[in-house]
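Report on the following structure.
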Amino acid sequence: NERTNERTNERTNELIMEYRQKIQSLLILFFTFIAFAAYHEGTGSTAWLQWTTVVVFLFFGLVFDLAFTNESNFLFDPDADNWRRKTEAGQY
């Protein structure tokens with residue numbers, strides 16, 4: 001029973017993350033259209049640059065999220081002693 005609940009909770013967390021990432025992707029797409037729409041060659045306006053900055057921040061936030069926040073794909077621990085304890089504990 002507990003195992004079923006754990007699987008359900010894990011699946012729910014996976015779905016939430018997927019939806020969050022999909023929403024962030026849609027925001028990136030939306031703000032990309034806004035950035036293109038804000039560009040007018042003759043006006044000298046830099047509003048497109050501000051929208052592009054928002055797109056870049058959202059994009060790299062999504063890349064960071066996909067690369068570093070999923071425990072099964074990547075584990076970052078800069079302290080060598082912590083890393084040694086984690087990996088050696090599993091061997092014995």
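By convention here, the first residue in the shown sequence is residue 1. These figures come from a predicted structure and were not determined experimentally. Atoms considered below: every heavy atom in the structure, side chains included; atoms not considered: hydrogens, waters and symmetry mates.
Cluster annotation: Trp51 and Trp48 are assigned to distinct hydrophobic clusters (Ile/Leu/Val/Met/Phe/Trp/Tyr, side-chain heavy-atom contacts under 4.5 Å, transitive). There is a path of hydrophobic side-chain contacts, each under 4.5 Å, that joins Leu58 to Val63.
To the nearest 0.5 Å, the span separating CZ on Arg20 from CG on Leu62 amounts to 9.0 Å.
Residues Phe60 and Val56 have side chains in contact (heavy-atom distance under 4.5 Å, counting atoms from C-beta outward).
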Could you list the donor-acceptor pairs under 3.5 angstrom formed by side chains in residues 25-40, with sequence neighbours left out?
residue: Ser25; atom: OG; partner: Gln21; partner atom: O; Å: 2.9
residue: Thr32; atom: OG1; partner: Ile28; partner atom: O; Å: 2.6
residue: His40; atom: NE2; partner: Ala37; partner atom: O; Å: 3.4

